[in-house]
Amino acid sequence: MQSMFSGSAEDTTAFDRRQAPPFWRDPAKRAIVFQVVALGLVFMLSYWIFTNTQANLRKQAIATGFGFFSKEAGFEIGESLISYSAADTYARALFVGFLNTMKVACTGVILTIILGVFVGISRLSKNWLLARLAAGYTELLQNIPVLLQLFFWYGLFHTSLPGPRQSFNPLPGVFFNNRGFYFPLPENHPAYREMAIALLAACCAAYVLRRWARARQDKTGKIFPVVPVSLGAVIGLPFILWLASGMPAGLNIPHLVGFNYEGGFSFSPEFGALLLGLVLYTSAFVAEIVRAGIQAVSKGQTEAAMSIGLKPGLVLSLVILPQALRVIIPPLTSQMLNLTKNSSLAVAIGYPDFVAVANTTINQTGQAIEGVAMIMVVYLFISLVTSALMNWYNKRRALVER
Amino acid sequence: MEQTSISLHTIEEVKPPVTSIGVIGWARKNLFSNILNSLLTILIAYGLFRSVPTFIKWAFVNAVWWSDGQACNQASGACWSIVTKNLRFILFGFYPYEQQWRPVFAIVLLAAFVFFSSFRRNWNKYLLVAWIVGLTLIGLIMHGGFLGLPSVETEQWSGISLTLLLSIFGLSAAYPFGVILALGRRSRLPAIKTLCVVYIELIRGVPLISMLFMASVMFPLFLPEGVTINKILRAQVAIIMFTAAYIAEVVRGGLQAIPRGQYEAAETLGLNYYLKMRLIILPQALKTVIPPTVSILISAFKDTSLVVIIGLFDLLRTTHVTLSNPEWMGFSTEAYLFTASIYFVGCFVMSNFSRRLERELKT
Amino acid sequence: MFRNVKLQPPPRERIKDLRGRRLINSTLREAGENNKMTYQATKTPDKVSTGPIIRIVSMHKWFGEFHVLKDINLSVDKGERIVICGPSGSGKSTLIRCINRLEEHQRGKIIVDDIELTNDIKNIEKIRVEVGMVFQHFNLFPHLTILENLTLGPIWVRKLPRSEAEDIAMYFLEKVHIAEQAAKFPGQLSGGQQQRVAIARSLCMKPKVMLFDEPTSALDPEMVKEVLDVMMQLAHEGMTMLVVSHEMGFAKSVAHRVLFMDSGQILEENTPGEFFSNPRHDRSKLFLSQILH
């Protein structure tokens with residue numbers, strides 16, 4: 001009687017062939033088939049869309065490609081950070097739009113963080129009035145669509161701001177009218193350049209001071225009041241220079257020339273409405289994030305820190321904030337991205353940001369696909385860069401656990 | 001060091017110090033606990049004292065409620081007539097005047113459904129069926145064309161009807177799509193995973209307005225000659241695509257929170273992928289992420305206002321259009337305040353529900 | 001106990017600062033051993049205290065209208081060890097939390113080391129430095145290493161140089177038998193290990209009194225012993241301890257007095273032997289019958 005395990009070559013291969021499942025039950029093969037089918041479907045859909053698009057574009061005699069970049073734009077842009085006229089190319093016009101978007105986004109991010117942190121902390125204040133006001137602020141502004149808020153502020157500016165000749169003049173040199181908001185700017189004086197250098201130097205000195213104070217504390221245990229001293233240097237040094245150069249106080253005051261104001265520092269009602277609406281809306285979300293972050297640090301941490309004898313200021317900076325920031329930074333970054341994406345709504349109130357300029361370009365050249373693709377690529381680029389930075393920061397700061 | 005035990009005399013009722021309880025105690029603790037707080041309270045109280053009466057005077061005392069544009073121009077207070085005189089246009093847009101009871105009925109029905117669903121004890125299989133039936137019913141009532149109800153094409157649905165249509169239908173269709181994307185993203189098959197990741201990251205990185213532009217100008221180019229899809233449907237598709245990506249991320253979070261043991265137990269029972277997901281994993285995951293899903297619904301509700309930019313007549317656009325009437329020019333504040341309050345009530349109710357739900361699910 | 005001791009830190013690789021990479025090499029263990037020797041050196045006599053180290057006189061506390069502590073009178077001498085037990089909600093935790101001002105009392109006096117606890121911040125801070133506390137849920141700082149957890153107080157409150165603070169920290173880590181974990185983070189340790197670190201953290205401030213708020217209640221049973229061993233070691237070295245706990249074995253072996261509290265009052269106070277064998281109050285009898293089954 002031959003044993004089952006006789007080991008002859010023919011037997012084993014027959015054995016193997018019997019054991020291997022048919023390919024439709026083999027998980028690995030099924031996976032490949034499934035993926036091929038899925039990719040095939042996607043490919044077929046893309047192909048169908050592609051051929052339709054080609055046919056339609058040909059029928060409507062619309063150009064393809066990005067050749068329009070070097071063509072003359074032929075439209076004016078309301079406000080621009082760099083010089084621009086209707087004779088410049090579309091490429092330059094789009095760049096102007098991009099710079100305007102960056103202007104709104106950067107200013108908006110800074111103001112939102114300041115306002116949001118302030119409101120978030122107020123929400124946790126022991127003062128009942130302040131806490132309730134902050135809660136009302138976040139509830140109200142979170143639940144109204146941002147576009148509606150933009151329309152509201154823009155409408156308010158248009159209905160209540162007078163013409164240039166009857167401008168509001170709340171403070172000397174400050175004028176509000178329906179062409180814009182005008183503020184006096186210090187006149188160009190050589191002392192200001194020196195003051196700027198002094199400011200920079202003071203900041204560097206503050207950084208060096210901090211490192212020195214830390215080393216000193218490590219060695220001797222004595223704590224050096226870094227913050228007051230640095231603050232004093234950063235404010236005091238430029239101030240001394242200002243005094244020394246004769247206290248120049250010349251102001252470039254906006255003055256009426258014909259129908260408009262000139263001089264000083266100004267921004268348009270469109271920019272004002274966009275900034276105000278975006279900052280108020282996003283700061284409500286940031287306030288909630290800050291509040292949640294601070295509350296995420298358990299009360300026991302504060303108690304433990306206090307029972308070692310740490311003063312409240314040190315409890316905050318050494319124990320609470322490091323832990324709270326870990327919880328706050330990721331959602332904060334996504335809110336900042338939301339702000340940048342929401343700035344695209346500028347097209348609805350007439351501020352010439354990137355989307356608005358791209359929209360005009362689409363309307364004039366008829367090249368919708370390139371236009372929309374451009375918009376998506378630009379915002380995608382901003383999003384991906386920010387997400388990558390945030391992921392890198394998160395990995396560095398993650399709490400180490402088992 | 002005494003060795004005695006404390007005697008058993010009862011401590012007579014001792015009241016806490018007067019300054020630490022009652023109204024005075026509350027005020028001391030919450031408003032005037034230290035110098036900074038007291039200063040703050042005084043400052044805020046002063047600010048309120050200056051601003052609130054002025055606002056009330058403008059909004060209510062000196063306001064004009066029912067007259068026409070001219071009287072408004074002469075009044076010093078708010079002109080609420082812009083709302084009252086144009087109410088039906090703001091709310092219902094181009095829906096035929098005599099048939100406007102139908103959207104009202106539809107909204108009441110929807111509100112009743114939502115109210116009923118907000119109590120967790122009513123959640124079961126039948127609720128889902130009831131919702132599907134209810135939504136179809138609402139759709140039929142709005143559209144008409146049977147039983148003597150004149151037919152009203154979807155192009156004419158405007159105002160609140162369009163807002164609700166876009167958000168509710170958008171979320172309902174986006175939800176299964178988003179769940180599939182989330183499952184695909186967690187899949188081990190590289191092609192599927194890549195497709196899903198690319199889709200999700202692409203959509204989440206671009207503003208909704210670019211999707212709406214894509215819908216309004218690019219979609220017509222994608223379709224073969226002679227086939228047209230009305231603008232509302234195109235916008236709806238864009239909103240669905242957009243919302244699905246966000247739902248996918250939220251559901252992915254829920255799937256990650258399910259312990260590995262659940263997957264393993266399901267596999268040990270011999271369930272295949274479909275049954276495993278349907279019976280074990282998804283019910284748990286989806287329940288966990290209901291609060292973030294509701295917040296996506298709130299965002300979708302607010303984001304429908306963006307269709308203003310591509311020319312559809314939702315609630316915001318109808319408001320915007322009343323202002324271009326020369327009779328009502330210049331009263332944008334009142335009109336927008338009214339519309340804002342509608343959005344606010346809707347979103348506030350939903351977010352309160354979500355918070356209550358989160359509390360219930362946590363305990 | 002270990003006041004005013006001049007340390008000669010042995011030459012060794014310095015642990016990098018809070019922001020740099022952490023390096024621990026084997027010389028740390030040597031450091032611990034060296035420190036043990038150095039610490040046993042000169043011991044200046046303590047200030048002669050003029051009475052009990054903790055005195056609570058007619059103390060009342062309310063949470064709003066709820067009278068949570070009623071007419072507490074307690075006197076604790078230096079070196080005394082007191083265990084406070086009672087049903088939950090009796091106010092035991094609130095009582096010891098009042099001693100380091102984590103809770104405020106509304107009436108009566110609390111005097112710690114001849115400093116009265118009032119709203120005066122300076123007094124509160126002085127008292128908190130002398131009173132150490134160990135919590136039920138450890139409350140270690142998760143974003144700092146074990147070593148940094150321990151050196152935080154000495155560096156920022158006692159204003160010691162970093163090397164001295166680290167030596168003290170390593171000494172106490174050795175004492176609680178956890179020195180090899182100095183470079184890890186709290187999240188990487190077990191519950192029993194974390195609680196021992198928490199005890200070491202309080203000891204680094206060299207307090208005169210140690211308060212324990214149910215230190216073993218949140219631990220798995222197999223880890224309770226390691227923490228109790230550390231506490232007993234502390235007791236044998238003469239530390240004044242107030243312990244809120246249900247560990248009756250611990251009370252029997254090291255406590256000088258057992259306090260039984262219920263509904264905010266101290267109902268019974270006795271030596272452990274007397275308390276466990278002859279409880280006098282009805283409620284103490286009931287409580288003991290429920291625990292000792």
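Because the structure is a prediction, the values reported are computed rather than measured. Chain A is the first sequence line, chain B the second, and so forth, proteins listed ahead of strands; every chain is numbered from 1. The basis for the numbers below is simple: all heavy atoms, side chains too, and nothing from hydrogens, waters or symmetry mates.
Sparse packing is recorded around NZ of B:Lys193, with 12 or fewer heavy atoms of other residues, nucleotides or ligands lying under 6.0 Å away. Heavy atoms of other residues, nucleotides or ligands lying less than 6.0 angstrom from CG of A:Leu45 number more than 12. Within 6.0 Å of CZ on A:Phe66 lie more than 12 heavy atoms contributed by other residues, nucleotides or ligands. For B:Phe338, the CZ atom is densely surrounded, since the number of other residues' heavy atoms within 6.0 Å is greater than 12. The environment of B:Ile35 atom CD1 is sparse: at most 12 non-hydrogen atoms of other residues, nucleotides or ligands sit within 6.0 angstrom. Open room surrounds CZ on A:Phe381; 12 or fewer heavy atoms of other groups in view lie less than 6.0 Å from it. Counted within 6.0 Å of CZ on A:Phe118, heavy atoms from surrounding residues, nucleotides or ligands total 12 or fewer; the atom is thus considered open.
Of the listed residues A:Asn338, A:Ile32, A:Leu140, the one with more heavy-atom pairs under 4.5 angstrom with chain B than any other is A:Leu140. Each of A:Asn359, A:Thr51, A:Leu337 has some count of heavy-atom pairs under 4.5 Å with chain B, and the biggest count is that of A:Asn359. Across B:Ser351, B:Ser332, B:Pro207, B:Ser210, the residue that shares the most heavy-atom pairs under 4.5 angstrom with chain A is B:Pro207. Taking chain A as the reference chain and counting heavy-atom pairs below 4.5 Å, the highest number among B:Ile342, B:Thr304, B:Leu202 is found for B:Leu202. Highest contact tally toward chain A, considering only B:Ala335, B:Gly330, B:Pro224, is held by B:Pro224 [criterion: heavy-atom pairs under 4.5 Å]. Taking B:Met329, B:Met350, B:Met218 one by one and counting their heavy-atom pairs under 4.5 Å with chain A, the maximum is reached by B:Met218.
To the nearest 0.5 Å, the span separating CD1 on A:Ile49 from CZ on B:Phe219 amounts to 8.0 Å. Taken to the nearest 0.5 Å, the OG atom of B:Ser341 stands 12.5 Å off from the CG atom of A:Asn143. Within the model, atoms OG1 of A:Thr159 and CZ of B:Phe331 stand 9.5 Å from one another, a figure rounded to the nearest 0.5 Å. A distance of 7.0 Å separates CG of B:Leu223 from CG of A:Asn52, quoted to the nearest 0.5 Å. Residue A:Asn127 holds its CG atom at 10.5 Å from CG of B:Leu39, rounded to the nearest 0.5 Å. Atoms CG and CG, on B:Leu40 and A:Leu129 in that order, are 8.5 Å from each other to the nearest 0.5 Å.
With a threshold of 4.5 angstrom between heavy atoms, B:Ile192 approaches chain A through its backbone and through its side chain. Neither the backbone nor the side chain of B:Leu36 comes within contact range of chain A; no heavy atoms are under 4.5 Å apart. Residue A:Val146 does not touch chain B at all, counting heavy-atom pairs closer than 4.5 Å. Heavy-atom distances place no part of B:Arg188 under 4.5 Å from chain A, backbone and side chain included. Heavy atoms closer than 4.5 Å to chain A are found in both the backbone and the side chain of B:Thr41. Only the backbone of B:Pro220 comes within contact range of chain A, judged by heavy atoms closer than 4.5 Å.
Judged purely by atom type and a 3.5 angstrom limit, B:Lys302 uses its side chain to pair as donor or acceptor with the backbone of A:Gln142.
Among all heavy-atom pairs drawn from B:Phe222 and A:Asn56, the shortest one is N-ND2, 4.4 Å. The two residues B:Gly205 and A:Ser383 come nearest to each other via the heavy atoms O-OG, 2.8 Å. Nearest heavy-atom pair across B:Thr333 and A:Phe152 is CG2-CE1, 3.3 Å. Closest of all the heavy-atom pairs between A:Met376 and B:Val206 is O-CG1, 3.6 Å. Contact record, A:Leu148 with B:Ala340: CD2-CA, 3.4 Å, taken as the closest heavy-atom pair.
At least one side-chain heavy atom of A:Val355 sits less than 4.5 Å from a side-chain heavy atom of B:Phe213. Inter-residue side-chain proximity for A:Leu147 and B:Ser305 is flagged as met; some heavy-atom pair is nearer than 4.5 Å. Between B:Tyr336 and A:Leu156 there is no side-chain heavy-atom pair separated by less than 4.5 Å. At a threshold of 4.5 Å between non-hydrogen side-chain atoms, the residues B:Leu316 and A:Pro145 do not count as touching. Under the 4.5 Å side-chain criterion, counting only non-hydrogen atoms from C-beta, B:Leu221 is in contact with A:Gln60. With contacts defined as side-chain heavy-atom distances shorter than 4.5 Å, the pair A:Leu39/B:Leu195 qualifies. Residues B:Ile209 and A:Ile375 form no side-chain contact, since every pair of their non-hydrogen atoms from C-beta on lies 4.5 Å or further apart. In this structure, B:Val308 and A:Phe151 have side chains that are in contact, with non-hydrogen atoms separated by less than 4.5 Å.
A salt bridge between B:Arg355 and A:Glu139 is present, with a side-chain N of the basic residue lying under 4.0 Å from a carboxylate O of the acidic one.
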